[in-house]
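Numbering starts at 1 and runs along the sequence shown.
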Amino acid sequence: MAMTATQPILSERGAAVERHWQELAAKRRMYTGLGVVVLIMAVTGSLWFANETNSGKFFDRLPYLFGFIGDLAPRDGWEIWRAMFDLPSPYDDGSLKYNYPEGRLYITESLYIPEYFHKMLETVNIALLSTVIAMIFGYGLAFLAAKNTMASNWVRWPVRRFMEILRAFPEVVIAGFFLAILSLGPIPAIIAVTVHTIGALGKMFFEVIENADMRPDEGLRAVGANWFERVWFAITPQVMPNFMSYFLLRLEINVRASTIIGAVGGGGIGEALRLSIGQGHEAKTLAIVLLLLSTVIAVDQFSAWLRQKLVGDQAFQSVT
């Protein structure tokens with residue numbers, strides 16, 4: 001005899017739950033559909049606006065994007081490596097396009113650092129120094145902004161608004177302001193990245209603090225510990241793994257931000273990338289892109305390794 005599946009008979013309470021679930025599912029589908037329609041309308045409107053502001057040339061010029069990508073192909077694949085390591089090119093015609101060895105930074109008469117490695121190191125230094133400084137200030141401001149560590153609203157409110165102002169402007173906007181005052185170079189880039197990162201890390205830090213277990217704080221308060229002792233011994237050990245995770249995340253973001261700032265005069269690899277694209281130097285452009293991609297991957301892998309060492313291997317083991 002063939003077995004047939006039968007719908008189980010629900011009680012009155014179960015039927016009410018089923019009806020409520022169906023209503024929620026219908027609302028979810030309706031809101032999803034409306035969201036997709038709004039997104040399509042927004043994208044269509046944006047494309048229309050872009051086309052109108054470019055005198056109807058936006059869609060006409062769009063196919064040239066793939067032509068530009070095709071123009072980046074060098075004469076041969078080895079040109080990318082020659083450009084990256086400042087090796088002489090057999091196609092050198094005396095122009096800037098193939099002057100790879102001229103960018104060498106000599107340490108001794110025979111030992112040198114390739115130009116783009118030196119520029120990339122400068123960009124990483126900008127990001128690292130900015131993130132370290134921002135973490136120090138963000139750490140201090142976060143405890144003044146968290147409700148469970150700072151009871152006074154007269155302190156919390158100004159600190160939170162201050163951090164909002166710091167992260168309200170993108171790094172490139174802040175960099176443009178300081179570049180106009182301090183001239184070109186890495187110092188304005190460091191200030192710009194630091195200012196924005198203080199606001200960003202401060203917000204993430206105080207949200208972590210507000211989720212901390214306050215029982216250690218109550219214990220220290222009961223034995224007469226002051227505010228600084230409670231913050232350092234009761235709260236900091238709990239939140240430090242998350243703090244370090246956010247620090248490493250911002251370091252990755254700041255490497256990319258430092259590259260963008262370099263393109264507007266902040267030094268580092270970004271300036272070299274802007275010049276190589278603008279001058280049509282294919283091998284140099286691809287070498288910089290490849291080096292930038294490798295650096296971001298290396299920073300990400302280092303962050304994962306360091307996070308595992310700080311938190312412990314047991315946090316990365318699957319639950320069976």
Side-chain angles (χ1 to χ4, degrees), residues 68 72 83-84 86 96 103 105 113-139 141 162-205 244-303:
F68 172 75
L72 287 177
M84 183 180 295
D86 291 348
L96 297 176
L105 178 66
I113 300 176
E115 178 184 9
Y116 296 148
F117 282 84
H118 175 252
K119 294 288 187 181
M120 192 70 245
L121 183 60
E122 183 178 344
T123 296
V124 173
N125 282 338
I126 291 172
L128 181 59
L129 179 60
S130 302
T131 311
V132 170
I133 296 173
M135 182 177 182
I136 295 172
F137 283 95
Y139 172 86
L141 293 173
F162 174 68
M163 290 192 293
E164 288 172 2
I165 293 172
L166 294 183
R167 65 176 181 271
F169 301 98
E171 297 94 333
V172 68
V173 175
I174 304 173
F177 176 78
F178 283 102
L179 284 168
I181 298 174
L182 303 175
S183 186
L184 304 180
I187 299 300
I190 293 173
I191 296 174
V193 177
T194 300
V195 167
H196 183 85
T197 307
I198 289 173
L201 282 181
K203 175 179 173 56
M204 292 187 287
F205 284 177
M244 290 303 302
S245 180
Y246 285 131
F247 166 82
L248 296 171
L249 173 63
R250 285 303 309 186
L251 178 60
E252 297 174 27
I253 296 172
N254 288 343
V255 170
R256 293 185 285 271
S258 301
T259 303
I260 296 172
I261 294 175
V264 296
I269 198 70
E271 183 178 5
L273 179 60
R274 178 182 62 83
L275 291 174
S276 64
I277 293 176
Q279 296 169 349
H281 297 169
E282 307 93 354
K284 291 183 177 181
T285 300
L286 292 177
I288 295 172
V289 170
L290 181 61
L291 182 59
L292 181 61
L293 178 62
S294 302
T295 302
V296 172
I297 294 174
V299 171
D300 178 69
Q301 293 300 312
F302 173 75
S303 300

Report the residue from Ile174, Thr194, Val195, Leu201 that forms a side chain to side chain contact (heavy atoms under 4.5 Å, CB included) with Leu166. Val195
Which pair of heavy atoms, one from [X] and one from [Y], lies closest together, and at what distance?
X: Pro188; Y: Leu182; answer: CG-CB, 3.9 Å
X: Ile261; Y: Ala192; answer: CD1-CB, 4.2 Å
X: Tyr116; Y: Leu291; answer: O-CD2, 3.3 Å
X: Ser130; Y: Ala189; answer: OG-O, 4.5 Å

Taking only residues at least two apart or on different chains, which pairs with a member in residues 261-276 satisfy side chain to side chain donor-acceptor pair (under 3.5 Å)? Ser276-Thr285
Heavy atoms from other residues, nucleotides or ligands near CZ of Phe117 exceed 12 (cutoff 6.0 Å): yes
For Arg256 and Val296: C-alpha separation, side-chain torsions, deciding distance, then whether side-chain contact (heavy atoms from CB on, under 4.5 Å) applies. CA-CA 8 Å; Arg256 293 185 285 271; Val296 172; 3.5 Å; yes
Any donor and acceptor pair, going by atom type alone, linking the side chain of [X] with main-chain N or O of [Y] inside 3.5 Å?
X: Ser258; Y: Ile126; answer: no
X: Asn125; Y: Leu121; answer: yes
X: Thr259; Y: Gly270; answer: no

Can Ile269 and Glu122 be said to form a side-chain contact (heavy atoms from CB on, under 4.5 Å), step by step? CA-CA 8 Å; Ile269 198 70; Glu122 183 178 344; over 6 Å; no
Give the intermediate values and the outcome of side-chain contact (heavy atoms from CB on, under 4.5 Å) for residues Phe205 and Met135. CA-CA 9 Å; Phe205 284 177; Met135 182 177 182; 4.0 Å; yes
Quick one: list whatever passes side chain to side chain donor-acceptor pair (under 3.5 Å) with His196, sequence neighbours left out. none
Verify the distance criterion only: is there a donor paired with an acceptor across the side chains of Asn254 and Thr131 at less than 3.5 Å? yes
